[in-house]
Amino acid sequence: MIRFENVVKRYGEALALGGVSLEVAQGELCVLLGPSGCGKTTLLRLVNRLIEPSEGRIFVGNRDVMDLDPVELRRGMGYVIQSIGLFPHMTVLENVGVVPKLLGWPKEKRVARAREMLALVGLEPKTFLNRYPRELSGGQAQRVGLARALAADPPILLMDEPFGAVDPPTRARLQEEFLKLQAMLKKTILFVTHDLEEAVRLADRICLMNQGQIEQLDPPERLLTHPRTPFVERFLGESRALLVLELHHLFELLQPLPGSLSQDGLPVLSLSATARDALSQMIAAGSDRALVQNEAGEVVGEVWMSTVLALSKGARFSGDGRGGAFLGRPREGAG
Ligand SMILES: Nc1ncnc2c1ncn2[C@@H]1O[C@H](COP(=O)(O)OP(=O)(O)OP(=O)(O)O)[C@@H](O)[C@H]1O
């Protein structure tokens, strides 16, 4: 558990955080989101005491971080940053083993752990253990960074734009794998990003910040469908209607096949595809329905365009007063 109580941070006259209170529950992935300079990194670094508060208190597992030795405190949490921070003169094995070594683990245990962690982040240990960081692609280096952060099995992970430096397809793959890992490991995670799409994909809750304050703290769907302030609505922008569709899978939206309608030329999607996938395939095929098949390839039902559009109803951009005009109206009887 991480708790901020009325935290203020000043740099000289400038106010970077203006009284932030936030509690991240054990096992929760909380994303700090917001425009450049809003205070995300400052808030994150207060947790491992790379920065100290001007006022207020920060608790980690009910202990005030200011009462803890900073070195001990940092050993208890993994820290992953965009520039990765791998030591260039150390091999992957040595990099992943940095904290275990500091904790006094014997060599065999460190090697075994490094192998296990590399496999966990999708890198073949035999191929990568003895490489140097310069011999890795950006995505591989990012995975090593994550393996290193996880090596000593810390309950807390602090992640600052960890996937920021890789190309979009690699980024999407890393996000997907990271979510699977988190489902297994259930770490308490503070994750900084300025990318709304990344926040929506990953977060249990999004903490949207503006000028050193929390504007809204909510699960992604709630944030997208119920923006509390004009700032939040502007920040989310028009894409929020589409993003909401990513949060719904076709198994939730399935309707029985009517039998009487033709199935010719309809797109076919899997049960685990999202409503957003279905929408783009229906648009591409020029149809208002899509078929849904199970893992065995049997068609088990269909999804209607009107159902998909109804999902995004609460999330349509109304920043210019047009209400829900830009996506058109759902068909009658939708959803
Ligand atoms: N060491 C420092 N000295 C003075 N001002 C600082 C310092 N570090 C940060 N700031 C200021 O504090 C504010 C918050 O910075 P912070 O790095 O936390 O923002 P951020 O939301 O992480 O931004 P970005 O997405 O651009 O990294 C900014 O206005 C920044 O200029």
Side-chain angles (χ1 to χ4, degrees), residues 2-24 28-60 65-66 70 73-74 77-85 138 141-142 145-146 149 156-168 171 174-175 178 188-218 220 223 227-237 239-240 243:
I2 303 167
R3 190 167 77 248
F4 300 86
E5 282 182 8
N6 275 317
V7 172
V8 173
K9 178 65 187 175
R10 286 186 209 92
Y11 292 106
E13 296 286 287
L15 190 65
L17 294 174
V20 169
S21 297
L22 167 69
E23 183 164 333
V24 184
E28 181 180 18
L29 199 172
C30 178
V31 172
L32 303 176
L33 176 69
S36 186
C38 70
K40 307 180 291 290
T41 296
T42 301
L43 195 60
L44 186 85
R45 290 188 178 168
L46 285 162
V47 180
N48 61 4
R49 277 188 64 177
L50 289 173
I51 296 174
E52 297 191 348
S54 309
E55 289 172 34
R57 300 171 79 186
I58 299 113
F59 294 87
V60 166
V65 295
M66 297 308 286
L73 176 73
R74 285 172 207 152
M77 41 187 78
Y79 184 43
V80 192
I81 52 179
Q82 175 174 347
S83 51
I84 304 152
Q142 216 64 61
L146 183 57
I156 290 178
L157 282 183
L158 305 177
M159 308 182 77
D160 196 344
E161 302 261 5
F163 309 137
V166 293
D167 58 87
R171 186 176 182 146
L174 284 171
Q175 287 167 349
F178 174 61
T188 304
I189 303 177
L190 259 185
F191 187 113
V192 167
T193 185
H194 62 262
D195 178 354
L196 172 64
E197 205 157 326
E198 177 162 85
V200 168
R201 273 194 200 138
L202 299 182
D204 293 316
R205 279 188 308 164
I206 295 174
C207 174
L208 180 52
M209 297 176 66
N210 179 30
Q211 298 187 337
Q213 306 271 1
I214 297 179
E215 284 275 338
Q216 190 163 351
L217 173 64
D218 264 318
L223 181 80
R228 274 216 336 243
T229 66
F231 167 84
V232 177
E233 184 153 8
R234 275 196 312 278
F235 185 86
L236 300 176
S239 62
R240 69 190 169 100
L243 289 177

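Note that this is a predicted model, so its numbers are computed, not measured. Atoms within a ligand are numbered from 1 in the order they appear, just like the ligands themselves. The first residue of the sequence shown is numbered 1, and numbering continues consecutively from there.
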Original post:
Are Arg228 and Asp218 ion-paired here, with the side-chain N under 4.0 Å from a carboxylate O?
Top reply: no
**OP:** Specify the protein heavy atom at minimum distance from atom 27 (O) of ligand 1: its residue, its atom name, and the distance to 0.1 Å.
**Re:** Thr41 OG1, 3.9 Å
**OP:** Please verify whether a non-hydrogen atom of Cys38 lies at under 4.0 Å from ligand 1.
**Re:** yes
**OP:** Please confirm whether Glu161 comes within less than 3.5 Å of ligand 1 when only nitrogen or oxygen atoms on both sides are compared.
**Re:** no
**OP:** Determine, counting only non-hydrogen atoms of the protein, whether one lies under 4.0 angstrom from atom 31 (O) of ligand 1.
**Re:** no
Original post:
What do we get for His194 next to ligand 1 when only non-hydrogen atoms under 4.0 Å count, side chain, backbone, both or neither?
Top reply: neither
Original post:
At what distance is the nearest protein heavy atom to atom 9 (C) of ligand 1, and which residue and atom is it?
Top reply: Tyr11 CE1, 3.4 Å
Original post:
What protein heavy atom is closest to atom 12 (O) of ligand 1, reported as residue, atom name and distance in Å?
Top reply: Ala16 CB, 3.4 Å
Original post:
Closest non-hydrogen protein atom to atom 25 (O) of ligand 1, residue and atom name please, with distance?
Top reply: Lys40 NZ, 2.8 Å
Subject >> Any side-chain donor near an acceptor of the partner, Glu215 and Thr229, under 3.5 Å >> reply: yes
Subject >> Backbone N/O of Pro35 and side chain of Lys40: donor-acceptor pair under 3.5 Å >> reply: yes
Original post:
Of all the non-hydrogen atoms in the protein, which one sits nearest to atom 26 (O) of ligand 1, and at what distance?
Top reply: Ser36 OG, 2.6 Å
Original post:
How far is atom 18 (O) of ligand 1 from its nearest protein heavy atom, and which residue and atom is that?
Top reply: Thr42 OG1, 2.5 Å
**OP:** Report the distance from atom CZ of Phe163 to atom CG of Asp195, rounding to the nearest 0.5 Å.
**Re:** 11.5 Å
Subject >> Derivation of the side chain to side chain contact (heavy atoms under 4.5 Å, CB included) call for Glu197 and Leu243 >> reply: CA-CA 7 Å; Glu197 205 157 326; Leu243 289 177; 3.6 Å; yes
Subject >> Electrostatic pair Arg10:Glu55 at N-O distance under 4.0 angstrom >> reply: yes
Original post:
Any salt bridge between Glu52 and Arg49, counting N to O under 4.0 Å?
Top reply: yes
Original post:
Going from CG on Leu208 to SG on Cys38, what distance comes out if it is rounded to the nearest 0.5 angstrom?
Top reply: 7.5 Å
Subject >> Closest to atom 29 (O) of ligand 1 (judged by heavy-atom distance), picking from Gly34, Gly212, Ala14, Gly37 >> reply: Gly37
Subject >> Contact with ligand 1 for Gly39, non-hydrogen, under 4.0 angstrom >> reply: yes
